[in-house]
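Reviewing the structure listed below.
Bear in mind that the values here come from a model prediction, so they are computed numbers and not experimental data.
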Amino acid sequence: TSPMSLHQGDCIHLASDSNLYQVIAVDPPHDRCWVRRWPLVRGGSPVFEVSLQQVHNRPPSLALNGQPSL
């Protein structure tokens with residue numbers, strides 16, 4: 001996934017695991033993005049920062065404001 005195709009609300013996987021994450025913000029000039037585990041857990045999911053190189057892929061069916069399409 002290139003930084004230019006990554007947008008707020010996208011659902012992605014990280015190279016380090018197979019969990020699904022929602023993109024909260026993207027900062028291409030600094031090679032960073034902020035994500036949280038998806039789906040959200042009761043009480044919310046903590047947001048954390050990762051390098052854009054850690055973004056493994058973005059499933060095409062999961063790109064509508066972080067909502068999985070059924």
Gap between atom CD of Q54 and atom CG of D31 - 0.5 Å precision: 9.5 Å

Gap between atom CG of L52 and atom CG of L6 - 0.5 Å precision: 6.5 Å

Full working for side chain to side chain contact (heavy atoms under 4.5 Å, CB included) between R37 and N19: CA-CA 7 Å; R37 187 88 178 268; N19 293 315; 2.9 Å; yes

Inter-residue atom distance Q8.CD - Q22.CD, 0.5 Å rounding: 8.0 Å

Closest non-hydrogen atom pair between P39 and S45, with its separation: O-OG, 4.2 Å

Value rounded to 0.5 Å, distance of CG in D27 from SG in C33: 9.5 Å

Side chain H7, main chain S5, donor-acceptor under 3.5 Å: yes

Contacts of type salt bridge (Lys or Arg N to Asp or Glu O under 4.0 Å), residue R36, not counting sequence neighbours: none

Gap between atom CG of L14 and atom CD of Q53 - 0.5 Å precision: 12.5 Å

Test ring-ring contact (aromatic ring centres under 6.0 Å, His included) applied to Y21 and W38, W34, F48, the passing residue: F48

Validation row: L20, H13 side chains within 4.5 angstrom (heavy atoms): yes

Side chains of V35 and I12 in contact at under 4.5 Å (non-hydrogen atoms): yes

